[in-house]
Amino acid sequence: MLQVPFIRENRELTVAGLQKKYFKAAAETVDQVLSLDDARRRIQLDLDNTLAAANELSKQIGNLMREGKKAEAEVSKAETAALKERSKALGEELSKVENELFEVLVLLPNVPHTSVPEGRTPDDNLTIFEHGSLPELPENALAHWDIIKNLDIIDFELGNKITGAGFPVYKGKGARMQRALINFFLDEAIAAGYYEIQPPILINRNSGYGTGQLPDKDGQMYHATEDDLFLIPTAEVPITNMYRDVILTDDQLPVRNAGHTPCFRREAGSWGAHVRGLNRLHQFDKIEIVQIRKPEESYIALEEMVEHVKSLLEKLELPYRILHLCGGDISFASALTYDFEVYSGAQKRWLECSSVSNFETFQSNRLKLRYKVGGKTQLLHTLNGSALALPRILAAILENNQTPDGRVQVPAVLVPYCGFEVI
RNA sequence: AGAGAGGUGGCAGAGUGGUCGAUUGCGGCGGUCUUGAAAACCGUUGACUGUUACAGGUCCGGGGGUUCGAAUCCCUCCCUCUCUACCA
């Protein structure tokens with residue numbers, strides 16, 4: 001959520017930023033925020049003065065009572081009635097205006113970083129880095145869903161039976177590969193200085209609100225209605241919410257956390273022909289890295305995270321590219337996002353396998369995640385990235401490393417983790 | 001799940017209707033002393049809002065109520081601890 005003082009001091013910049021994200025009626029909405037905030041402040045001042053008068057009167061009544069001047073006290077008591085009525089009315093007016101302000105404010109996306117490219121659709125994203133040559137597979141190369149079936153390592157029908165579409169069962173070497181990838185990614189994160197976290201995968205409303213999934217994106221999460229808890233769409237939610245309402249001290253910074261969790265996404269209405277196999281699932285595993293940094297360091301941290309993800313893909317010997325997302329494609333809360341796409345040789349498609357973002361103060365403002373600088377509290381910056389999401393990495397490994405005899409060569413770096421060289 | 005106890009500032013822990021935003025201890029910060037450090041002593045030390053600055057306002061788990069006035073009384077929800085039951 002954007003900070004009102006920021007909007008007030010940077011009206012033009014805010015409007016331009018929102019327009020870059022193709023937010024409709026940016027100028028009108030920003031002005032609405034400012035006028036609601038003006039009203040809020042006016043009412044607040046009025047209310048404060050009313051309360052101050054009432055407090056003063058109460059104090060006097062207390063003194064009169066102590067001195068035994070009962071009659072005078074009764075007179076003062078009568079006076080408080082009008083003040084009470086007034087403060088009640090002002091209080092109601094205030095919360096009404098505050099709610100209106102909040103409702104407009106939560107609809108505003110983050111202002112993108114100045115380097116974010118102009119553009120409306122994924123086609124406008126800038127490819128800023130490419131690594132590895134595309135695999136030259138024979139004409140009869142199989143897509144991963146066929147490889148999976150032939151080798152019997154992942155079973156979609158079985159998952160269908162147990163749960164439903166998008167919940168595959170990993171079996172035998174398929175399950176071992178999953179475990180190998182999880183351990184590999186976590187070990188790499190720890191080696192890079194991250195602190196391992198195993199968070200809950202059900203979260204409450206406050207947490208969903210803190211990272212921005214709620215109030216409006218609740219349709220994307222599975223909801224356990226009996227207890228009003230949500231299955232996490234990403235480990236970012238619990239790991240970042242550990243710091244909700246926290247004021248960090250210098251010696252606790254920077255925060256570098258990493259965690260593996262299953263992730264659950266309803267993906268309502270987004271299924272189609274191009275999402276076969278592992279390309280899109282309702283449940284998948286992901287290792288997430290989260291950083292909390294001082295504002296002046298956050299873009300250095302973002303580059304650090306990018307380098308980490310690059311090293312993972314390079315160790316797995318997968319061709320990939322990095323996209324600098326354009327204003328129209330960047331997520332609601334993000335100021336700057338790099339997407340990593342891995343090349344899946346048989347599908348001949350780039351598959352998104354990581355998204356690394358700096359949210360600046362957008363999340364911390366909601367979380368009330370702060371630190372002290374020169375005696376004053378200030379919002380911190382939050383960042384996160386996938387390092388990495390498993391299914392599409394597995395899809396690319398299966399497709400790119402398939403052998404003429406229908407098997408799959410395991411990337412060397414994973415062999416110690418899974419205990420076999422060939423699937 | 002049942003019974004009991006309890007949720008107060010970074011932590012510990014007072015406070016049961018009126019100078020309580022909150023005694024005190026620890027911790028933190030600043031100072032005196034010391035070659036330096038420790039000890040001792042003195043001072044300082046919550047958050048939010050607001051003002052040029054002061055003032056003012058709000059916050060004692062969340063929400064609601066009683067009262068001129070609530071950390072303190074009432075209702076409600078949440079959470080923690082102890083015991084019992086159950087259980088990977």
Side-chain angles (χ1 to χ4, degrees), chain A residues 1-9 33-102 105-106 198-210 214-215 223-230 238 241-253 255 262 292 361 363-380:
Chain A
M1 190 159 66
L2 291 173
Q3 302 167 82
V4 176
F6 173 87
I7 299 175
R8 186 170 292 285
E9 282 160 35
V33 166
L34 294 180
S35 76
L36 280 169
D37 188 52
D38 282 338
R40 199 211 91 227
R41 281 149 55 136
R42 206 174 49 242
I43 298 165
Q44 180 80 62
L45 187 67
D46 203 348
L47 175 63
D48 285 355
N49 290 335
T50 309
L51 288 173
N55 287 344
E56 180 56 34
L57 212 45
S58 284
K59 206 183 278 182
Q60 287 175 14
I61 292 169
N63 289 335
L64 291 171
M65 298 288 267
R66 218 170 296 117
E67 293 162 20
K69 299 176 180 169
K70 208 146 189 201
E72 287 177 50
E74 288 305 323
V75 172
S76 291
K77 273 193 197 182
E79 278 179 53
T80 62
L83 288 172
K84 239 185 144 180
E85 205 171 301
R86 179 163 173 73
S87 61
K88 193 178 175 215
L90 285 168
E92 279 164 11
E93 204 180 331
L94 181 66
S95 56
K96 181 166 157 276
V97 170
E98 277 176 343
N99 286 339
E100 278 175 46
L101 176 60
F102 177 77
L105 219 45
V106 289
Q198 248 189 57
I201 59 177
L202 278 166
I203 51 123
N204 59 29
R205 279 190 180 273
N206 280 341
S207 295
Y209 169 74
L214 296 175
H223 186 199
T225 53
E226 185 82 16
D227 298 290
D228 199 24
L229 298 173
F230 297 85
N241 269 285
M242 299 196 306
Y243 301 91
R244 176 152 41 84
D245 292 319
V246 166
I247 298 178
L248 291 170
T249 53
D250 262 358
D251 58 308
Q252 294 172 302
L253 288 165
V255 171
I292 298 169
T361 59
Q363 288 183 328
S364 62
N365 188 34
R366 281 203 191 191
L367 292 162
K368 295 196 174 26
L369 164 54
R370 295 159 293 172
Y371 74 118
K372 280 199 190 273
V373 54
K376 294 197 77 173
T377 54
Q378 196 173 326
L379 294 175
L380 283 156

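Throughout, protein chains are lettered first and strands after them, A, B, ... in sequence-line order, and every chain is numbered starting at 1.
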Between B:G10 and B:U84, how many Å separate the two P atoms, rounded to a whole number? 35 Å

Distance between P atoms of B:A71 and B:U8 (Å, rounded): 16 Å

Is the CD atom of A:Q378 crowded by more than 12 outside heavy atoms at less than 6.0 Å? yes

Roughly how many Å is it from CG in A:D245 to C1' in B:G46, rounded to a whole number? 14 Å

Assign each of A:T80 and A:T377 the nucleotide of RNA chain B bearing its closest heavy atom; nearer the 5' end lies the nucleotide of A:T377

Using purine N1 to pyrimidine N3 plus N6-O4 or O6-N4 for Watson-Crick, or N1-O2 and O6-N3 for G-U wobble, each under 3.5 Å, what pairs with B:A14? none

Sugar-phosphate only, base, or nothing, as touched by A:S58 at under 4.0 Å among non-hydrogen atoms: base

Please state how far atom CG in A:D46 lies from atom C1' in B:G56, giving the value in whole angstrom units. 13 Å

What is the separation between atom CZ on A:R244 and atom P on B:G61, rounded to the nearest whole Å? 18 Å

One pair to check against side chain to side chain contact (heavy atoms under 4.5 Å, CB included): A:T80 and A:I61. What are the steps and the verdict? CA-CA 10 Å; A:T80 62; A:I61 292 169; 4.1 Å; yes

Is A:L57 touching bases, backbone alone, or none of the nucleic acid, heavy atoms closer than 4.0 Å? nothing

B:C68, B:A47, B:U51: which one has an atom nearest the side-chain heavy atoms of A:R41? B:U51

Taking any heavy-atom pair under 4.0 Å as a contact, classify A:R370: base, sugar-phosphate, or nothing. sugar-phosphate

A:K84 side chain, from C-beta outward: closest of B:G56, B:A47, B:C68: B:C68

Please give the distance between the C1' atoms of B:U45 and B:U24 as a whole number of Å. 15 Å

Counting Watson-Crick and G-U wobble pairs only, both distances under 3.5 Å, name the nucleotide matched with B:C48, or none. B:G57

Answer with base, sugar-phosphate or nothing: what part of the nucleic acid does A:N55 contact at a heavy-atom distance below 4.0 Å? sugar-phosphate

Nearest-angstrom distance, P atom, B:A38 to B:G30: 11 Å

Any side-chain donor near an acceptor of the partner, A:S207 and A:N204, under 3.5 Å: yes

For A:E56, look at atom CD and say whether over 12 heavy atoms of other residues, nucleotides or ligands are found less than 6.0 Å away. yes

Parallel under 30°, tilted from 30 to 60°, perpendicular over 60°: which one fits the rings of A:Y209 and A:F102? tilted

Nearest-angstrom distance, C1' atom, B:C33 to B:C54: 37 Å

Which nucleotide in the set B:G57, B:G69, B:A47 lies at the smallest distance from any side-chain heavy atom of A:L51? B:G57

C1' spacing across the pair B:G43 / B:G4, given as an integer number of angstrom: 45 Å

Pairing partner of B:U82, by Watson-Crick or G-U wobble and under 3.5 Å for both distances, is B:A3

Without decimals, in angstroms, what is the distance between A:Q252 CD and B:G10 P? 12 Å

Decide yes or no for A:L379 and A:Q3: does some side-chain heavy atom of the first lie under 4.5 Å from some side-chain heavy atom of the second? yes

Between A:N365 (CG) and B:A47 (C1'), how many Å, whole number? 15 Å

Among B:A47, B:G50, B:C68, the one nearest A:R40 by side-chain distance: B:G50

Once you round it to whole Å, what is the distance between P of B:C77 and CG of A:N206? 18 Å

Check: B:G56 base within 3.5 Å donor-acceptor of A:D48 side chain: yes

Quick one: A:D251 CG to B:G10 P, roughly how many Å, whole number? 15 Å

B:U67 phosphate, OP1 or OP2, under 4.0 Å from A:K77 side-chain N/O: no

Round to a whole Å and report the spacing from NZ of A:K368 to P of B:C59. 16 Å

With side chains defined as the heavy atoms from C-beta onward, is the minimum distance between A:E79 and A:V75 less than 4.5 Å? yes

Rounded P spacing from B:G15 to B:U51 in Å: 40 Å

Which value, in whole Å, describes the distance between the C1' atoms of nucleotides B:G13 and B:G7? 13 Å

